[in-house]
Colleague: 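Please read through the structure below; I'll follow up with questions.
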Amino acid sequence: MKMTPLAILVGSLVLLMTIVFVVVIMPWFTTRDEAPSDIFRARTAAEEAGRATYIANGCVYCHSQSIRTIDWGIGAERIAQAGDYIADRPILLGSQRTGPDLSQEGGEHPDDWHMAHFVNPRYARPLSIMPAFAFLGKDDINTLTAYVQSLGLKDADNRLKRQTFWKEESILAYEAGPVENVDWLHHQVPEGWRNIPNPYPTSEAGLARGHKIYQDFCLGCHGPIGDGMGPAQPYIYPPPLNFTTLKGRGVSGGILYYQIMNGITGTAMPYFKKDLESEKIWEVGNYVAVYFINETDADAEPKGIDAAYEP
Amino acid sequence: MPSQASSPTYATAKGFCITSAFWMMVATFMGLLGATELIAPDLLENVGWLVFGRVRPIHINLVLFGFVTPGLLGAAFYYLPRLLRTDLYSEKLGVITVLIWNLSLVSTVVSLSAGYSQGREYAEMIWPVDMLVVVMFLLVLYNLIMTVRQRREPVLYVSVWYACAAIVLTSATYCLGNVIWRPNTGALVGIPDAILLWFYGHNIFGLLLTPLALGVTYYVIPKACKAPIYSHTLSLIGFWSLLVVYTHIGTHHLLQAPVPTWLKVISIVDSVGMVIPVMVVLINIWYTAKGRLGEIHADVGAKFVFTGTIMYFFVSIQGSMMALPQVQRVTHFNNWVVGHAHVGVLGFSGMIALGGLYYVLPKLAGKPLFSKFLADFQYWMVLIGVSGFTIVLTIAGLIQGNAWLNGETVYRVLPEVHLYYVLRASLGLMIFTSALLGFYNIIRTLYFNTGEFSS
Ligand code: HEM
Ligand code: HEM
């Protein structure tokens with residue numbers, strides 16, 4: 001074959017055009033009129049403004065918006081569908097998960113959690129490596145939060161409605177006073193859980209592990225001494241619980257376990273069941289009980305048969 | 001126009017070489033900064049314009065368009081006139097191109113750090129900057145075509161094919177991929193946007209970096225070995241199959257997203273099929289060099305280039321495996337891919353860019369390198385750096401990927417990869433330091449009298 005300039009230039013361009021037709025234009029024809037998915041809705045002006053902030057600050061380099069069949073983390077309840085994206089210009093699928101997927105982030109947390117987290121992610125998540133975004137200013141953080149709360153569209157709206165409802169309830173309880181607040185908190189825990197003591201004995205090793213988990217997950221809100229004065233406190237309402245208010249109120253290992261596992265929707269208190277396995281939840285719960293509440297029911301009856309590892 | 005082969009000034013080639021060496025410093029600094037922020041996220045707390053999400057696209061666009069592409073073009077603007085036995089059509093136009101090129105890089109840094117981004121990976125630049133990029137590619141193309149037209153050598157050598165194809169195809173895919181007919185967003189909507197973006201994104205490697213790097217390889221290796229190229233047929237097959245196969249594989253970035261299945265199948269099959277264009281070229285080059293590795297070792301430029309071809313082998317075999325859905329369940333979304341990206345862009349095309357640069361520099365300057373030692377030092381720093389990156393990031397990626405498959409949350413895995421982030425930044429420091437020394441060496445070679453270092 002003789003490689004003339006014409007053969008190279010025209011030949012490669014013709015090839016390119018043919019291939020563009022196959023791998024870009026044909027898929028465009030088959031996917032451009034994608035029907036909206038069951039959760040689709042249009043975004044509001046504030047949400048669009050927040051999306052622009054998201055793009056300007058490169059959130060997409062650390063966060064995907066694309067849930068796969070093999071995922072477990074946030075949003076894994078719903079696999080991504082083409083019809084979720086039909087208003088996304090540009091689409092923000094992302095290629096790197098330095099942070100979690102955000103497809104279904106809307107309603108995972110109430111707004112106050114996001115405010116603390118955006119001001120400095122370490123306030124809400126002590127080991128986070130996400131940058132602080134306080135430099136954006138309050139207004140931009142608010143629109144950014146509006147966008148993040150819309151991720152998941154109709155599903156997000158449902159979750160956010162739940163957050164808003166329980167936010168009002170939790171504020172009422174908090175403002176009624178510490179005793180009423182604790183009553184309200186414990187009233188939300190299903191009956192069975194309330195009567196369960198922590199079935200495992202207190203041990204030095206267990207407390208040390210609990211201490212580590214507390215530092216990695218809880219410190220930013222409840223503070224190093226459990227008084228609720230962590231760095232996130234100024235941004236959160238109702239504020240993080242001061243554990244000493246639980247003293248003498250019959251708080252059980254089961255209540256602590258349930259609250260840590262399930263979180264307290266409406267308040268900034270997140271659920272930890274995806275982050276922490278059962279053993280870790282019992283241990284951090286016992287750490288809180290021993291050091292901050294100063295009373296623990298660990299190893300009290302009824303506790304069933306002792307586990308095999310116990311000395 | 002000057003068609004007399006007088007003594008050329010090589011102003012354009014020199015301009016591109018300096019551009020590359022300068023922006024390599026800035027680009028690796030940005031990489032180092034990003035890597036540091038992943039270890040110490042509050043180091044630059046609330047310095048908005050240096051937040052990780054802005055530093056990262058600056059790093060990537062600068063390595064692609066500031067370091068690697070100009071480096072490869074610096075060599076091309078030297079070898080093209082020689083292979084065509086004529087002068088460059090217009091050095092003046094070439095110098096203007098270099099200036100516009102630098103202007104576009106400055107605008108890239110300024111606009112991205114100020115938060116003006118279109119948010120599409122590899123297509124972040126806003127429309128006015130896109131326009132500068134398009135203009136600079138078209139100017140290179142014009143200069144190239146006119147030089148080809150005034151050539152006095154009837155036969156076009158392989159390097160000329162690759163250079164012409166790279167520039168003409170990138171001019172086209174850049175416009176398409178950046179959706180330049182929509183100045184405000186530079187994007188389509190929904191899934192078609194993702195398909196177009198990754199068609200374009202992969203073509204930055206496949207239709208820009210790879211052909212330009214292969215052009216340099218086809219020039220430097222036979223020259224350094226003083227041997228003809230092994231097989232003309234393999235050259236032809238390698239060239240055309242690259243254009244056909246590489247352009248089909250963009251969708252392997254979207255295997256886990258809801259795009260049409262037939263398109264995924266095409267991308268997987270062609271990703272595996274990439275073995276053909278890759279191995280054909282490598283066999284051709286390696287057989288040319290067979291028995292002559294001594295000559296290659298003796299020339300630091302050729303050494304860089306030859307190492308680049310080995311990296312090309314590794315990155316491509318790795319890439320073909322990464323396109324298999326079963327493998328991608330573990331590797332997608334984590335640092336494994338970042339490792340692959342650095343073997344590709346730094347180990348393969350970056351090494352060859354540096355090789356081309358060091359190979360042509362003494363010829364541009366008309367005197368030996370200021371310091372062969374520094375060039376060698378840079379070779380080892382980059383080689384250790386990129387091999388280290390690969391090991392460290394692959395381990396980190398495996399930890400992340402397997403932990404996620406096992407149901408651990410992203411937050412839980414952060415402390416597990418921290419150590420590897422620290423190692424990556426340390427290796428990055430080596431690469432950055434070598435970029436500083438390289439810049440010094442290149443400036444000394446071009447503009448000062450040979451110093452005592454030279455050997
Ligand atoms: C020739 C055979 C190659 C194949 C089959 C291949 C395959 C792949 C695949 C499947 C991915 C996506 C991984 C994922 O997201 O899960 C990828 C990413 C990447 N590849 Fe390759 N690759 C090849 C060669 C190269 C070369 C030569 C370069 C550089 C010049 C390169 C640079 C990159 C970069 C930078 C990315 C990261 C893209 C991103 O997510 O930002 N690849 N490659
Ligand atoms: C000082 C040395 C360098 C350091 C410390 C460094 C660091 C980084 C970091 C931190 C990222 C972001 C990864 C993430 O999002 O998790 C990155 C991405 C990238 N870097 Fe570098 N880098 C360096 C040099 C280079 C060079 C010289 C090149 C190319 C010639 C290069 C090409 C790339 C590419 C293509 C990506 C995108 C990867 C992807 O999307 O998967 N880097 N680098």
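Letters A, B, ... are given to chains in the order of the sequence lines, protein chains preceding strands, and every chain is numbered from 1.
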Colleague: Between A:Leu13 and chain B, which part of the residue has a heavy atom less than 4.5 Å away: side chain, backbone, both or neither?
Modeller: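 Both parts, backbone and side chain.
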
Colleague: Give, as side chain, backbone, both or neither, the part of A:Cys62 having an atom under 4.5 angstrom from any heavy atom of chain B.
Modeller: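 Answer is side chain: those atoms of A:Cys62 sit under 4.5 Å from chain B.
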
Colleague: Using heavy-atom distances under 4.5 Å, tell me whether A:Thr4 contacts chain B through its side chain, its backbone, both, or neither.
Modeller: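 Backbone of A:Thr4 only, per the 4.5 Å heavy-atom cut-off to chain B.
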
Colleague: What part of B:Val148 gets within 4.5 angstrom of chain A, counting heavy atoms only: side chain, backbone, both, or neither?
Modeller: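 Contact with chain A involves the side chain of B:Val148 alone.
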
Colleague: Out of B:Phe52, B:Trp262, B:Tyr421, return the one with the most heavy atom pairs under 4.5 angstrom to chain A.
Modeller: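 It is B:Trp262.
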
Colleague: Name the region of A:Leu127, side chain, backbone, both or neither, that has any atom closer than 4.5 Å to a heavy atom of chain B.
Modeller: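 Both backbone and side chain.
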
Colleague: With a 4.5 angstrom heavy-atom cut-off, which part of A:Ser12 approaches chain B: side chain, backbone, both or neither?
Modeller: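 Both backbone and side chain.
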
Colleague: Measure distances from A:Val23 to the heavy atoms of chain B and classify the residue's part below 4.5 Å as side chain, backbone, both or neither.
Modeller: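 Both parts, backbone and side chain.
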
Colleague: Only pairs of heavy atoms separated by less than 4.5 Å count here; which of B:Leu414, B:Leu243, B:Val168, B:Leu169 has the most with chain A?
Modeller: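 Highest number of heavy-atom pairs under 4.5 Å: B:Leu169.
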
Colleague: A:Leu9 vs B:Ile145, test: side-chain contact (heavy atoms from CB on, under 4.5 Å). Steps then yes/no.
Modeller: CA-CA 9 Å; A:Leu9 294 178; B:Ile145 292 181; 3.8 Å; yes

Colleague: Heavy-atom distance under 4.5 Å to chain B: side chain of A:Glu34, backbone, both or neither?
Modeller: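 Contact with chain B is absent: no heavy atom of A:Glu34 under 4.5 Å.
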
Colleague: Most heavy-atom pairs under 4.5 angstrom with chain A, which of B:Val47, B:Leu263, B:Leu176, B:Ile39?
Modeller: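 Maximum pair count with chain A is reached by B:Leu263.
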
Colleague: What part of A:Ala7 is in contact with chain B, defined as an atom under 4.5 angstrom from a non-hydrogen atom: side chain, backbone, both or neither?
Modeller: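 Interface part for A:Ala7: backbone (N, CA, C, O).
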
Colleague: Heavy-atom pairs under 4.5 Å with chain A - which of B:His418, B:Glu408, B:Arg151 has more of them than the others?
Modeller: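 Heavy-atom pair counts peak at B:Arg151.
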
Colleague: With a 4.5 Å cut-off on heavy-atom pairs, point out which of B:Gly115, B:Pro415, B:Gly407 contacts chain A the most.
Modeller: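 That would be B:Gly407.
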
Colleague: A:Tyr85 side chain to B:Pro192 main-chain N or O, any donor-acceptor pair under 3.5 Å?
Modeller: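 A pair under 3.5 Å: no.
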
Colleague: With a 4.5 angstrom heavy-atom cut-off, is it the side chain or the backbone of A:Met17 that approaches chain B, or both, or neither?
Modeller: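 Neither part.
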
Colleague: Non-hydrogen atoms of chain B under 4.5 Å away: do they reach the side chain of A:Asp71, the backbone, both or neither?
Modeller: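 No part of A:Asp71 comes within 4.5 Å of chain B.
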
Colleague: Where does A:Ala52 contact chain B at under 4.5 Å (heavy atoms): side chain, backbone, both or neither?
Modeller: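 When you check distances to chain B, no heavy atom of A:Ala52 falls under 4.5 Å.
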
Colleague: Using non-hydrogen atoms and a 4.5 Å limit, figure out which bit of A:Tyr54 sits close to chain B: side chain, backbone, both or neither.
Modeller: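 For A:Tyr54, no heavy atom lies under 4.5 Å from chain B.
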
